[in-house]
Structures are given as C-alpha cells and as structure tokens.
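Atom set for the values below is all heavy atoms of this structure, side chains included, hydrogens, waters and symmetry mates excluded. Here the structure is a predicted model, which is why all the values come from computation and not from measurement.
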Amino acid sequence: MSHKVCILDVAKPDFRQVRTYVKGQFGETIWEEVNLEFEAMIKNIGSNPEAGRQIDELVELGQTNFRFRLVRQTKIVYESDDKEVLVHMFIQTKQDFRTHLMKRLFEV
C-alpha cells in the first residue's frame, strides 16, 4: 500500500538550502541528478516508510514513528502512519540533529 507523501512547509526551506548548496558547489547538471535521487527516494518512502532508520535522539524521547532516509549527504526526516508520510526536514549529515531540532522547535 502506497502512502501519500506530504512535504511540510517547514521542510521546504531546508530543501531550497540543499539545492542552493549543490548548485553552487557542483553545478546545475549535478543538481539535476541529485534532484532525481530525491524524487525517487520520496516515492520509495511513500511505498515503504518502514524501511527508514529510526532517529536515536527521538527514540530516547519515546518518538518511535520518526525515521530518516539518505540521499547522498542529506537526511530526509519523516513520520508516517497508516495513510500518509509527513516530511519534516532535510538535514545535512554534517549538521548536529539535536541542534537543528531545537532551532526548529523554537523558531518564531
């Protein structure tokens, strides 16, 4: 059963930041390849959300429905239920997840 995948508005600036970085560092052609990888992974997440790895920092807080999948050096962080998948953030593997999460929680 395929799930509907929704990229939350709060995650869209993260994605734009990844796009800007990849285009700036590697050019338009590489970005087009990476973007296709993102599209394929998001489709895959919709088909099989359980395949993602749980996020240790959130499991410690009892939040076991959050998972991530990798596209190159970017984690796609999402949660799922029986019907849909919500993408919460795109975060570079070099970034500290706790710091990014706290920043996100306290943004106004």
(request) State plainly whether one hydrophobic cluster holds both Val18 and Ile45, where clusters connect Ile, Leu, Val, Met, Phe, Trp and Tyr through side-chain heavy atoms under 4.5 angstrom apart. (result) yes

(request) Can you measure from OG1 (Thr74) to CE (Met41) and round to the nearest 0.5 angstrom? (result) 11.0 Å

(message) Please enumerate all residues that pass side chain to side chain contact (heavy atoms under 4.5 Å, CB included) together with Asp9, with sequence neighbours excluded.
(response) Lys12

(request) Show your reasoning for whether side chain to side chain contact (heavy atoms under 4.5 Å, CB included) applies to Leu86 and Ile7. (result) CA-CA 6 Å; Leu86 302 176; Ile7 299 173; over 6 Å; no

(message) Once side chain to side chain donor-acceptor pair (under 3.5 Å) is applied, do any residues pair with Glu33, and if so which ones, sequence neighbours excluded?
(response) none

(request) Kindly determine whether Val87 and Leu8 satisfy side chain to side chain contact (heavy atoms under 4.5 Å, CB included), including the steps that lead there. (result) CA-CA 6 Å; Val87 176; Leu8 298 175; 6.0 Å; no

(request) Mind checking the CG-NZ spacing from Asp14 to Lys75? Nearest 0.5 Å is all I need. (result) 13.0 Å

Cut-off 3.5 Å, no hydrogens considered: what does the side-chain donor-acceptor table look like for residues 22-32, sequence neighbours left out?
unit_1: Lys23; atom_1: NZ; unit_2: Glu28; atom_2: OE1; d: 3.4

(message) Applying ring-ring contact (aromatic ring centres under 6.0 Å, His included), can you list everything that pairs with Phe38, at least two apart in sequence or on another chain?
(response) Phe15, Phe90

(request) Among residues two or more places apart or on two chains, list those pairs meeting salt bridge (charged side-chain N to carboxylate O under 4.0 Å, His left out) that have a residue in residues 36-55. (result) Glu37-Arg72

(message) Give me each pair satisfying ring-ring contact (aromatic ring centres under 6.0 Å, His included) with a member in residues 65-88, each pair once, sequence neighbours excluded.
(response) Phe66-His88

(message) Within the structure provided, determine whether Gln63 and Asn65 are in side-chain contact (heavy-atom separation under 4.5 Å).
(response) yes

(request) Flag yes if Val34 and Leu70 sit in one hydrophobic cluster, no otherwise; membership is Ile, Leu, Val, Met, Phe, Trp, Tyr, and two members link when side-chain heavy atoms are under 4.5 Å apart. (result) no

(message) Distance check, rounded to the nearest 0.5 Å: Ile91 atom CD1 versus Gln17 atom CD?
(response) 9.5 Å

(message) Show, in sequence, the C-alpha distance, side-chain angles and deciding distance for Ile42 and Ile76, and conclude whether the side chain to side chain contact (heavy atoms under 4.5 Å, CB included) test is met.
(response) CA-CA 8 Å; Ile42 289 171; Ile76 302 173; 4.3 Å; yes

(request) Go through the steps to decide whether Thr64 and Gln54 satisfy the test side chain to side chain contact (heavy atoms under 4.5 Å, CB included), and finish with yes or no. (result) CA-CA 7 Å; Thr64 58; Gln54 290 186 321; 3.6 Å; yes

(request) For Asn44 and Arg69, test the side chains for any donor-to-acceptor distance below 3.5 angstrom and give the result as yes or no. (result) yes

(message) Looking at every heavy atom in both Gly46 and Pro49, which two are closest together, and how far apart are they?
(response) O-CD, 3.9 Å

